[in-house]
Amino acid sequence: MRIITWNINSVRLRIPALAKVCAILDPDVVCLQETKVPDDMFPSGEITELGFNHIIHSGMKSYNGVAILSKDPVKLAKTRKWCGKTDCRHIAANLSNGIELHNFYVPAGGDIPDRTLNKKFDHKLQFLSEMQDWFFSMPKADRILVGDLNIAPLEHDVWSHKQLLKVVSHTPIEVDALFALQNSNDWIDTVRYFIPPEKPVFTWWSYRNRRWPGNNRGRRLDHIWATKTLAPRLKNAGVFTQARGWEKPSDHVPVLLDIVS
DNA sequence: ATGGTGGAAGGTCCA
């Protein structure tokens, strides 16, 4: 089974790119973030035409929004209210092979990496803390957690560790929060399970760098984690970098995991 | 130090 996660930055604008991604990667399950569409306007028809007969989504006007597209049946799994808001940053499904799949869009956190000065940064840290507590309180199960976590934890998850230490997405306080979440529920960072930590891996390049790849100033913000119980079934993980160079690209590219279903 | 671009909107807000 192949699972991909992609911050698509408007699902309605990106249908042609989604079709191309699916034609090349042939995923069984697609997790999207930043769909930017209310539920009653979700383009289900066009996505069913791509072979996904089972679609669940949680969206709102203009911002955020998550979706899971699947070729096999899925059942909506439990979510919760995060940080007292209803801002469409999480959706979960039970897959037909018994895996519980969680798709997250973690708050970006604004520009100032200080939770007393910046409400958005506080929201991000609070969200991560709630994720940690929530998963810690659950009984053990075979789980996969994907999404735009908006944190690049390792030195070679950013183009310059030194220059990004004070930039939101790579500050020690966020990285510590992400590692705490990772360790509390025995998650494996599947991309780094297959790609050694000294090799740079990026999934996002700002639109403000005029040409891609240019100087390759990227960050690895998008992740696929699996519980350690799934380790024997992990086959391959990677990043579909080329999508950043297409016409009308998202600023993020798909990340994929192959797992024995 | 600043601003650079893109998306949803049809104001600006958000990334």
Side-chain angles (χ1 to χ4, degrees), chain A residues 5-21 31-44 46-47 57-67 82-90 103-115 117-128 146-153 157-160 162-171 174 177-178 202-223 241-255:
Chain A
T5 180
W6 189 21
N7 179 323
I8 198 167
N9 190 14
S10 171
V11 66
R12 287 177 291 179
L13 195 71
R14 219 72 68 196
I15 293 288
L18 180 63
K20 199 168 162 186
V21 164
C31 297
L32 300 175
Q33 305 85 35
E34 286 208 87
T35 53
K36 294 186 173 176
V37 61
D39 285 326
D40 60 0
M41 293 169 69
F42 194 88
S44 299
E46 287 151 286
I47 286 174
H57 46 77
S58 171
M60 59 191 277
K61 191 169 142 183
S62 299
Y63 305 112
N64 312 329
V66 285
W82 301 95
C83 304
K85 299 174 190 283
T86 52
D87 54 357
C88 305
R89 294 180 179 275
H90 175 237
N103 177 13
F104 282 97
Y105 176 49
V106 171
D111 290 329
I112 302 164
D114 182 327
R115 67 191 306 172
L117 298 177
N118 173 7
K119 276 183 182 170
K120 292 178 186 174
F121 196 69
D122 184 63
H123 180 210
K124 183 179 199 173
L125 294 176
Q126 179 65 26
F127 197 100
L128 291 161
V146 312
D148 177 1
L149 306 184
N150 266 314
I151 297 173
D157 290 341
V158 293
W159 63 274
S160 167
K162 196 177 163 192
Q163 285 178 259
L164 287 171
L165 274 171
K166 292 181 179 173
V167 174
V168 171
S169 73
H170 193 62
T171 65
E174 294 166 86
L178 196 73
F202 309 140
T203 67
W204 172 86
W205 294 261
S206 172
Y207 286 125
R208 296 173 193 181
N209 287 339
R210 262 196 215 91
R211 274 183 43 203
W212 182 90
N215 43 20
N216 199 24
R217 292 187 172 188
R219 305 177 201 171
R220 188 170 72 102
L221 304 179
D222 303 273
H223 301 270
T241 309
Q242 63 174 261
R244 187 64 179 81
W246 293 350
E247 284 285 303
K248 297 283 283 177
S250 169
D251 44 354
H252 297 252
V253 297
V255 180

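Here is how names work: the chains are called A, B, and so on, in the same order as the sequence lines, proteins then strands, and each is numbered from 1.
Taking atom CG of A:Asn209 as the reference point, atom P of B:dG6 lies 11 Å away to the nearest angstrom. Between the P atom of B:dA15 and the CG atom of A:Asp222 lies a distance of 15 Å, rounded to the nearest Å. Between the CD atom of A:Glu247 and the C1' atom of B:dT5 there is a distance of 16 Å, given to the nearest Å. Remark: C1' of B:dA15 and CH2 of A:Trp204 are 8 Å apart, rounded to the nearest angstrom. Between the C1' atom of B:dG6 and the CH2 atom of A:Trp205 lies a distance of 17 Å, rounded to the nearest Å. Between the P atom of B:dC13 and the CG atom of A:Asp111 lies a distance of 14 Å, rounded to the nearest Å. Separating the CG atom of A:Asn118 from the P atom of B:dC13 is a distance of 15 Å, rounded to the nearest angstrom. Look at OH on A:Tyr105: it is 11 Å from C1' on B:dG7, rounded to the nearest Å.
With sequence neighbours excluded, no residue forms a salt bridge (Lys or Arg N to Asp or Glu O under 4.0 Å) with A:Asp251. Listed by chain and number, the residues in a salt bridge (Lys or Arg N to Asp or Glu O under 4.0 Å) with A:Asp157 are A:Arg192, A:Arg220 (sequence neighbours excluded). For A:Arg115, the salt bridge (Lys or Arg N to Asp or Glu O under 4.0 Å) partners are A:Asp122, not counting sequence neighbours. Take A:Ser169 and apply the side chain to side chain donor-acceptor pair (under 3.5 Å) test, not counting sequence neighbours, and it matches A:Arg219. With sequence neighbours excluded, the residues that form a side chain to side chain donor-acceptor pair (under 3.5 Å) with A:Asp114 are A:Thr116.
Comparing A:Ser206 and A:Lys61 by the nucleotide of DNA chain B that holds the closest heavy atom to each, the one mapping nearer the 5' end is A:Ser206. The residue among A:Glu34 and A:Pro38 whose nearest nucleotide of DNA chain B lies closer to the 5′ end is A:Pro38.
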Please enumerate all protein N or O atoms sitting under 3.5 Å from an N or O of nucleotides 2-4 of chain B, with distances to 0.1 Å.
unit_1: B:dG4; atom_1: O6; unit_2: A:Arg208; atom_2: NH1; d: 2.8
unit_1: B:dG4; atom_1: N1; unit_2: A:Arg208; atom_2: NH1; d: 3.1

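Taking the six-membered ring for Trp and thresholds of 30 and 60 degrees, A:Phe127 and A:Phe104 have ring planes more than 60 degrees apart, a perpendicular arrangement.
For A:Lys36 and B:dG6, the shortest distance from a side-chain N or O to OP1 or OP2 is not below 4.0 Å. Side-chain nitrogen and oxygen atoms of A:Lys120 include at least one within less than 4.0 Å of the OP1 or OP2 phosphate oxygen of B:dC14. Checking the phosphate oxygens (OP1, OP2) of B:dG7, a side-chain nitrogen or oxygen of A:Lys248 falls inside 4.0 Å.
If you take atom P in B:dG10 and the same atom in B:dC14, they sit 15 Å apart, rounded to whole Å. One P atom belongs to B:dA9, the other to B:dT5, and the distance between them is 22 Å to the nearest Å. Taking atom C1' on both B:dA15 and B:dG4, the two are 13 Å apart, rounded to the nearest angstrom.
Residue contacts for A:Arg12: at a heavy-atom cut-off of 4.0 Å it reaches the sugar-phosphate backbone alone, with no base atom in range.
Under 3.5 Å, the side chains of A:Asp39 and A:His57 contain a donor-acceptor pair of N or O atoms.
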